Amino acid sequence: MAVKPGVSKEEAKKKLQALITMKTKQRMIEESMKNIKYKIGVISGKGGVGKSTVTANLAVALANKGYKVGIIDSDFHGPSIPKILGLEDEKVLVTEDKKFVPVEGPLGIKVMSIYYFLPDPTTAVIWRGPLKKSFLEEILASTLFGYLDFLLIDLPPGTGDEAINLVQTLPNLTGLIAVTQPTEVSAISVAKSIDFAKKSGVRVLGIVENMSGFLCPVEKKVYRVFPGNGGQMLSDKYSIPLLGRIPIDPNIAGSADKGEIFLIKNPESPFTIEFNNVIERLLRVLKELNG
Ligand code: ADP
């Protein structure tokens, strides 16, 4: 490396070392991800819209169809995938050569979550941007997922560029799924993320509108709760397919709290039926992408 005037040999050596480390990490990520067919990030504009619920249920619906599925839960602010899938008491094992063995969940879903690295679930950890990036890089480079048809990445919520910057660490990212509620407030914040994704050259595969009405457990009818048509609005504005509209089902939150898999236990519920529709539409989008 040519040493510019004003740069000491020591500094140049450090820079070179950092470059080698970065390249090595990138190669490790490529190596560890090479047997994963589709890598899909799940984003939302705001917290609490059901991004993790959608990620977990997409994984279950896909695994239920026989696909091999993994999840990376990189929601630094509230990693909830282990709770939703009833895997809170599990542990990530570390092999002698410092690789992570993901937790095996229902239907063989392989789960890697930041949750497993926190001292306890209620501890607030202050994550700085670079720390988040290097943590995700470490997980991507060192987790033994093996062959997967789908790897879903539950990304931190936010309208900013953070989630998308993180996702760009992934080689050959297939694209993103954006989760919104029907309300304009939710849709506007997701619109910012979609806009940023498009500008960064990241494909948005589809939109899932969550909490689209309330499913009355007695009358089995869906009532509108939130105003707005956020999913359709985003779909029209950005020409991105609306993959589905998931109703509110009060049993979902209860099941998640108990770690029960609602989708498997309730195959006839409108929630399950709509998730299966989302999967069918997503598979169609992927088929079109592959020509
Ligand atoms: P986010 O990941 O966007 O922060 P979560 O997936 O953690 O949101 O969902 C927030 C809360 O809303 C959870 O208690 C979850 O069980 C509940 N929830 C999400 N989607 C639904 C739904 N369609 N019906 C009922 N409850 C839901």
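Fair warning: this is a prediction, and the values are worked out from it, not measured in the lab.
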**Asked** Under 4.5 Å between any side-chain heavy atoms of M112 and F117, yes or no?
**Response** yes
**Request:** Can you run down the ring pair (Phe, Tyr, Trp, His ring centres under 6.0 Å) pairs that involve residues 11-43, sequence neighbours left out, and say none if there aren't any?
**Result:** Y38-F150
**Item:** Path from F226 to M233 over hydrophobic side-chain contacts below 4.5 Å
**Value:** no
**Complete:** All heavy atoms of A56 vs all of I71, minimum pair found to be CA-CD1, 4.3 Å
**Asked** Quick one: does E209's side chain get under 4.5 Å of Q181's, heavy atoms only?
**Response** no
**Prompt:** When you measure from the side chain of S186 to the backbone N and O of T183, does any donor-acceptor pair fall under 3.5 Å?
**Reply:** no
**Message:** To check you understand the geometry: which heavy-atom pair defines the closest contact between P241 and V285, and what is its length?
**Reply:** CG-CG2, 3.9 Å
**Request:** Take F100 and Y116, measure what ring-ring contact (aromatic ring centres under 6.0 Å, His included) needs, and give me the verdict at the end.
**Result:** CA-CA 11 Å; F100 301 131; Y116 296 117; over 10 Å; no
**Prompt:** So, D154 side chain and T55 main chain: donor-acceptor pair closer than 3.5 Å or not?
**Reply:** no
**Prompt:** Is the backbone N or O of E104 less than 3.5 Å from a side-chain atom of K110, with the two atoms forming a donor-acceptor pair by type?
**Reply:** no
**Asked** Should F271 and I264 be regarded as members of a common hydrophobic cluster, given that ILVMFWY residues are connected when their side-chain heavy atoms come within less than 4.5 Å of each other, either directly or indirectly?
**Response** yes
**Prompt:** Are side-chain heavy atoms of V69 and L148 found at a separation under 4.5 Å?
**Reply:** no
**Item:** Validation row: V208, I177 side chains within 4.5 angstrom (heavy atoms)
**Value:** yes
**Request:** Please tell me if the side chains of Q232 and K237 come closer than 4.5 Å, counting only heavy atoms from C-beta onward.
**Result:** no
**Item:** Sidechain-backbone polar pair: E274 side chain, R245 backbone, donor-acceptor under 3.5 Å
**Value:** yes
**Request:** Evaluate the side-chain proximity of R203 to L289: yes if any heavy-atom separation is below 4.5 Å, no if none is.
**Result:** yes
**Item:** Enclosure of K198 NZ (heavy-atom neighbours >12, cutoff 6.0 Å)
**Value:** yes
**Test item: I72 and L151 side chains (from C-beta on) under 4.5 Å apart, heavy atoms** = yes
**Fill in**
In short, A197 meets V204 closest at the heavy-atom pair CB-CG2, 3.9 Å
**Message:** Using the side chain to side chain donor-acceptor pair (under 3.5 Å) definition, which of the options S52, S80, S113 pairs with D73?
**Reply:** S113
**Asked** Below 4.5 Å, heavy atoms only, C-beta onward: do I109 and V111 meet side chain to side chain?
**Response** yes
